[in-house]
Peer 1: 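Take a look at the following structure, please.
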Amino acid sequence: MTNCTNELSTTYNAREIENETYKFWEDNNLFVADAKSNKEAYSIVIPPPNVTGVLHMGHALDGTLQDILIRYNRMLGKEVLWMPGCDHAGIATQNVIEKNLAKEGLSRHDIGREKFLAKTWQWADEHKNRILEQFKLLGASFDLSRKRFTLDKGCSDAVKKVFVDLYNKGLIYKGSYIVNWCPRCQSAISDIETNYETEDGNLWEISYALKDEMGAIVIATTRPETMFGDAAIAVNPNDFKYKDLIGKTCVMPLTGRQIPIIADDYVDKSFGTGALKITPAHDPNDFEVGLRHNLPQIKVIDEKGCMMRNEFVPPQIQGLSREEAREKTVKMLEENQVLVKVTKHIHNVGKCQRCNTTIEPLLSKQWFVKMEPLAKPAIEAVKTGSIKFIPERWEKNYLMWMENIRDWCISRQLWWGHQIPAYYHNKTGEMIVALENPDSDNYTQDTDVLDTWFSSGLWPFETMGWPDTESDDYKKFYPTSTLVTGFDIIFFWVARMITMGLEFTKKPPFSTVYIHGLIRDEHGQKMSKSKGNTVDPVDLIEKYGCDALRFTLTSLCTYGGQDIKISSEKFDYGRNFANKIWNASRYVLMNITKQRNELEFNLNNLSLADKWIINELNKTINEVNENIKNYRIGEVASILYEFFWNKYCDWYIELSKIEKNETVLVHVLDNFLKLLHPIMPHITEAIWQKIPTNKNTKSIINSNYPQFDEKLVFKDDSKKMETVFETIKALRNIRAEFNIPLNSKIDIIVDNNEDLYNQIIPYLNKLAKVNSTKFEKNSDYSKSAYCIVNDTKITIPLEDLIDINQEILRQKKKIEKLESELKSILARLNNKKFIESAPFDVVEKTKTKKEELESEIKIIENTIKKLI
RNA sequence: GGGCGUUUAGCUCAGUUGGUAGAGCGCUUCCCUUACAAGGAAGAUGUCGGGAGUUCGAGCCUCUCAACGCCCACCA
């Protein structure tokens, strides 16, 4: 950017400035990290957005917060790396490609694995830059020269190594278990990819006749179509009503197959009939019961969710879908008069997180990670504080999950992803798990791929060069510093990174997990395309500007990480602030006459106002640093807003129109821009480059973040200045109350504090339109309005302008207020226990307050007497 | 069933060691004062969800109740 003029354009055009500024940063490679630097490192890895994705509000929030931390730490002088990249998003991406194929009437099987993958790669390559390009619109200062993809060579090498190592340690195994099977995705999915929805269903009670004797046992089920896979009927061992039946055999209706009646603690006596049919191949709990009792696993539903064609399923039912089979089975049971009862029953049904298809619990051969041994150190790391969650309450959540962890099903029957590095001998079926195929003529690789989260679980170190632990990036930037993400992926992602990171690098992958809330629509609903309630951050950026978006989002972040409800009007807040900054800066720049080297301010030559604003700035610097360090980022936004708008603009700039100190005017703006830069990077950069202060860098990005300076504390002078503001406000209030037009000036009589008021006459004249100021002890005027500021009474003789009754009323209202306050203070002071037990300074403060109130009330009472 | 969160001004929400409540928007009145009407000045508005307790003192701590929301578990 050029720097030939001090002037800013008269109107603030956010998009123009933002585009120019971002280009300036990129052209100058300002985001590229130097792994050989001697500076202390600070690094963040981006939660890799799905390659299929487009930028949404969640990214906008998450990206903004990361960028704030990155920019702040960069300005603290650290060597900073923000690692960008995308996730291959197994199921999500495959779904997109399959949908495209479906338009041509094809399935992936029609074109085969190889062609399908080629197509998917082509699509991914075309799209993999899209979302990161959109992140640029957010002002993201990530290092694109290091951009990674979870399916690139480095990641895939890391994945293979991790898989093989875990397998060799016995922490990965292959086995037949009940898994959550999605008949639409045609794949197993993990427990946490399964969501449960409440549905209305029925509870059918079916009578199973006893073998070789009279009588029957009635079981209750919500899924009668699975009965063909029954292996037993179970009752609770302590259930006296079934005691005699345990060990007997019954005959199944419709098929006549014989199954035993067994006893198991799992059965709840009070539910349904107290008797439960056991279907080990189609229910996770029944599967467990089946193992305990050595029952056969009879599969009657296939991978497409249809009834199998085998000897267990009656011919009329074979090949039917789950839903059809249920209807038909019930009908047949009815015809056979074994359906005892049907009751309405509300229950939870598992759904595929990706496509919302009802899950079929299915017996199948899958790969699993044995989680318990891996979870142990991951629990310790959080318990001992080597990894901290902000806010802390998420630690409990994390620990509860980790302490009850179950094995992780990692195989997916998809094509898009990391193919499992297991190889089977074509003839013997012998299995070898290895980094490479031992003999491609005789061995065929496992066709399954790994869960997407398997590779993203390695993200913090696979992107840093691991397994090469001697690589520059790994040595410099691993472990990373902070992980920023929403609570919705603590289990999916954060927990896995911690376990994998500890297992393979022996270090926690990050020291702090900063968890923010989720973005919701204005009614608190989750945003989703299907609901049509999404707000597009790109639209918001076009309309309000990126900085406005960032500032607003930041200001909505609470320390507790509450969810954030947004509607587009909320972004007026940030836009107005940006506009204010622009205009105030424009004013300052227009008023600078001094040269660059004359703009250092001189401590010995400061007015009351100068000292006040310098003191305020210093306080702000302190608070901002403290709050960022403690992840109270929303607080930072409001501190800076308040400082700039209500202090610098409303007072200091106004005062500067009366008595100008260019050096301070610029100094404060310069520091403010630096303080704000992490949140609003573009506007601060654009203005900062125009400010004629001495700089040792061409970009604010590389300037130093302001730090608190003991030498710039001016407590007493600041207090005096506060008195000035109170006086001006009081006088303005009188003007408003009595409708005194701006062009008619007022005279005032001040009865105390002559020194101070003498100093500030010009301020009073300009900001409260005072004509003359007289000093008079024990002043005594009738036909006047009054205000009392601290210990000073100010009289405004208004002669005919004033309605005396109005003024009396006004003063009486004030007394009322003061007296009610005094009453509660007196109550406290008259309480012996308060005096005894409250801390000294609180008691003193209360006493002082009492005296102030009393004296103020006295003054007002006297003036009222005068008026009457 | 277990856990967590929320309840504060008309609306959206802040409120960091307990000392009597704040912001933005909206509202009322006035002002296009040469940085800004996306602005300026002056205002109004709250038994801090209900109840009880601890304390000299509670929006904040404890208990309890209520409403709403989320997560985990998945009893057929």
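Here the structure is a predicted model, which means the values were calculated and not measured. So you know, we letter chains A, B, ... as the sequences are listed, proteins then strands, and number each from 1. Scope of the values below: all heavy atoms of this structure, side chains included, with no hydrogens, waters or symmetry mates.
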Peer 1: With rounding to the nearest 0.5 angstrom, report the CG to CD distance, A/Leu640 to A/Glu635.
Peer 2: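 One finds 10.5 Å between CG of A/Leu640 and CD of A/Glu635.
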
Peer 1: Quote, to the nearest angstrom, the P distance that separates B/rU62 from B/rU55.
Peer 2: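 So the two P atoms sit 16 Å from each other.
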
Peer 1: Return a single string for nucleotides 11-17 of chain B, one symbol per nucleotide in 5' to 3' order, where B is base contact, S is sugar-phosphate-only contact and - is none, cutoff 4.0 angstrom on heavy atoms.
Peer 2: -SSS-S-

Peer 1: Rounded at 0.5 Å granularity, tell me how far CG in A/Asp563 sits from CZ in A/Phe487.
Peer 2: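 Rounded to the nearest 0.5 Å, the CG-CZ separation comes out at 4.5 Å.
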
Peer 1: Please state how far atom CZ in A/Arg393 lies from atom P in B/rG5, giving the value in whole angstrom units.
Peer 2: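 Taking atom P of B/rG5 as the reference, CZ of A/Arg393 is at 6 Å.
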
Peer 1: I'd like the P distance from B/rU47 over to B/rC30, given in whole Å.
Peer 2: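 B/rC30 and B/rU47 have their P atoms separated by 29 Å.
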
Peer 1: Hey, is the side chain of A/His347 poking within less than 4.0 Å of OP1 or OP2 on B/rC74, counting only N and O atoms?
Peer 2: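 Looking at the OP1 and OP2 atoms of B/rC74, neither is under 4.0 Å from any side-chain N or O of A/His347.
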
Peer 1: Take nucleotides 19-24 of chain B nucleotide by nucleotide from the 5' end and write B, S or -, depending on whether a protein heavy atom sits under 4.0 Å from the base, only from the sugar-phosphate, or from neither.
Peer 2: BB---S

Peer 1: Are A/Met227 and A/Thr329 packed together at the side-chain level, in the sense that at least one heavy-atom pair is separated by less than 4.5 angstrom?
Peer 2: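 They are in side-chain contact.
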
Peer 1: Between A/Asp191 (CG) and B/rC71 (C1'), how many Å, whole number?
Peer 2: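 In whole Å, B/rC71 C1' lies 15 Å from A/Asp191 CG.
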
Peer 1: Could you measure between the two P atoms, the one in B/rC25 and the one in B/rG39, and give it in whole Å?
Peer 2: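 It works out to 7 Å between them.
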
Peer 1: Using atom P of each nucleotide, how far apart are B/rG15 and B/rA23 to the nearest Å?
Peer 2: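 Those two atoms are separated by 15 Å.
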
Peer 1: In whole angstroms, how far is the C1' atom of B/rC72 from the CH2 atom of A/Trp394?
Peer 2: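 In whole Å, B/rC72 C1' lies 12 Å from A/Trp394 CH2.
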
Peer 1: Which is true for A/Asn831 with a 4.0 Å heavy-atom rule: it touches a base, it touches only sugar-phosphate, or it touches nothing?
Peer 2: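 Touches sugar-phosphate only.
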
Peer 1: Nearest 0.5 angstrom please: A/Arg575 CZ to A/Glu569 CD, how far?
Peer 2: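 Answer rounded to 0.5 Å: 11.0 Å.
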
Peer 1: Look at the side chain of A/Leu276 and decide which nucleotide, out of B/rA76, B/rC74, B/rG3, has an atom nearest to it.
Peer 2: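 Nucleotide nearest to A/Leu276's side chain: B/rA76.
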
Peer 1: Whole angstroms only, please: what is the CG-C1' distance between A/Asn397 and B/rG2?
Peer 2: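 Rounding to the nearest Å, CG of A/Asn397 and C1' of B/rG2 are 12 Å apart.
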
Peer 1: Between A/His347 and A/His345, what is the ring plane arrangement, given parallel below 30°, perpendicular above 60°, and tilted in between?
Peer 2: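 It falls in the tilted class, 30° to 60°.
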
Peer 1: Does A/Glu225 pair with A/Arg322 as a salt bridge, N-O distance under 4.0 Å?
Peer 2: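 Salt bridge flag = no for A/Arg322 with A/Glu225.
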
Peer 1: With rounding to the closest Å, how many angstrom separate the C1' atoms on B/rA9 and B/rG59?
Peer 2: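 Rounded to whole Å, the distance is 14 Å.
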
Peer 1: Going from CD1 on A/Ile515 to OH on A/Tyr631, what distance comes out if it is rounded to the nearest 0.5 angstrom?
Peer 2: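 These two atoms lie 11.5 Å from each other.
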
Peer 1: Ion pair present between A/Asp264 and A/Arg292, side-chain N to carboxylate O less than 4.0 angstrom?
Peer 2: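 Judged by the 4.0 Å cut-off on N to carboxylate O distance, A/Asp264 and A/Arg292 do form a salt bridge.
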
Peer 1: Using a 4.0 Å cut-off on protein heavy atoms (strictly under), produce a 5'-to-3' string for nucleotides 27-42 of chain B with B for base contact, S for backbone-only sugar-phosphate contact, and - for none.
Peer 2: ------B-BB-BSSSS

Peer 1: Starting at CG of A/Asn348 and ending at C1' of B/rC72, how long is that distance when rounded to a whole Å?
Peer 2: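 Computing the A/Asn348:CG to B/rC72:C1' distance gives 12 Å.
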
Peer 1: Expressed in whole Å, how much space separates the C1' atoms belonging to B/rG18 and B/rC48?
Peer 2: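 The answer is 15 Å between these two C1' atoms.
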
Peer 1: Whether A/Glu193 and A/Lys351 form a salt bridge (side-chain N of Lys/Arg under 4.0 Å from carboxylate O of Asp/Glu) is what I want to check.
Peer 2: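 Between A/Glu193 and A/Lys351 there is no salt bridge, as every charged N stays at least 4.0 Å from the carboxylate O atoms.
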
Peer 1: Taking for each residue the nucleotide of RNA chain B with the nearest heavy atom, is it A/Ile192 or A/Gly274 whose nucleotide lies nearer the 5' end?
Peer 2: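 Mapping each residue to its closest nucleotide by heavy atoms, the 5'-most match is A/Ile192.
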
Peer 1: Rounded off to whole Å, could you give me the CD-to-P distance for the A/Glu392 and B/rG5 pair?
Peer 2: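 For the pair A/Glu392 CD and B/rG5 P, the rounded distance is 12 Å.
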
Peer 1: Among the candidates B/rA76, B/rG3, B/rC56, find the nucleotide nearest to the side-chain atoms of A/Lys833.
Peer 2: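 Nearest to the side chain of A/Lys833 among the choices is B/rC56.
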
Peer 1: Are A/Tyr398 and A/Phe389 close enough that their ring centres sit under 6.0 Å apart?
Peer 2: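 Ring centroids of A/Tyr398 and A/Phe389 are less than 6.0 Å from each other.
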
Peer 1: Check the pair A/Lys269 / A/Asp239 against salt bridge (charged side-chain N to carboxylate O under 4.0 Å, His left out), numbers first and verdict last.
Peer 2: CA-CA 6 Å; A/Lys269 285 187 285 186; A/Asp239 193 341; over 6 Å; no

Peer 1: Does NZ belonging to A/Lys241 count more than 12 external heavy atoms closer than 6.0 Å?
Peer 2: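 Enclosed: over 12 neighbouring heavy atoms sit under 6.0 Å from NZ of A/Lys241.
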
Peer 1: Between A/Lys833 and A/Glu836, is there a side-chain N and carboxylate O pair less than 4.0 Å apart?
Peer 2: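 Answer for the salt bridge query: no.
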
Peer 1: Could you work out the separation of B/rG46 and B/rU7 based on their C1' atoms and round it to a whole Å?
Peer 2: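 My reading of the C1' atoms in B/rG46 and B/rU7 gives 14 Å.
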
Peer 1: Applying salt bridge (Lys or Arg N to Asp or Glu O under 4.0 Å) as the test, list every pair that has at least one member in residues 641-656 of chain A; sequence neighbours left out.
Peer 2: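 Salt bridge (Lys or Arg N to Asp or Glu O under 4.0 Å) check on residues 641-656 of chain A returns A/Glu616-A/Lys647, A/Glu642-A/Lys647, A/Glu654-A/Lys657.
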
Peer 1: Which class fits the ring pair A/Phe577 and A/Tyr641: parallel under 30°, tilted 30 to 60°, perpendicular over 60°?
Peer 2: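 Rings of A/Phe577 and A/Tyr641: tilted, as their planes differ by 30° to 60°.
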
Peer 1: Given atom CG of A/Asp239 and atom P of B/rA76, what is their separation to the nearest angstrom?
Peer 2: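 Those two atoms, CG and P, are 18 Å apart.
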
Peer 1: Sort me out a list of protein N/O and nucleotides 58-62 of chain B N/O pairs below 3.5 Å, or just none if empty.
Peer 2:
none

Peer 1: Mind checking the P distance from B/rC4 to B/rC65? Whole angstroms is fine.
Peer 2: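 15 Å, rounded to whole Å.
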
Peer 1: So that I can tick it off, tell me whether A/Lys388 and A/Glu395 are bridged by a salt bridge, with the cut-off set at under 4.0 angstrom between side-chain N and carboxylate O.
Peer 2: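 Salt bridge: no.
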
Peer 1: Going by distance alone, is a donor N or O of one side chain under 3.5 Å from an acceptor N or O of the other, for A/Lys341 and A/Thr273?
Peer 2: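 Side-chain D/A pair, A/Lys341 to A/Thr273: absent.
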
Peer 1: Treating a pair as Watson-Crick (purine N1 to pyrimidine N3 plus N6-O4 or O6-N4) or G-U wobble (N1-O2 and O6-N3) with both distances under 3.5 Å, list the stems of 3 or more consecutive pairs that involve RNA chain B.
Peer 2: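 Listed by first number, the stems are B:1-7 with B:66-72, B:10-13 with B:22-25, B:27-31 with B:39-43, B:49-53 with B:61-65.
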
Peer 1: Would you mind reading off the distance between A/Ile515 atom CD1 and B/rG5 atom P, rounded to a whole angstrom?
Peer 2: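 Roughly 15 Å, once rounded to whole Å.
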
Peer 1: Are A/Arg223 and A/Glu360 close enough, and set up right, to give a salt bridge (charged side-chain N to carboxylate O under 4.0 Å, His left out), and what steps lead you there?
Peer 2: CA-CA 11 Å; A/Arg223 298 199 60 195; A/Glu360 188 57 47; 3.1 Å; yes

Peer 1: Both A/Thr273 and A/Arg520 contact RNA chain B. Which one's nearest nucleotide lies toward the 5' end?
Peer 2: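 Residue closer to the 5' terminus by nearest nucleotide: A/Arg520.
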
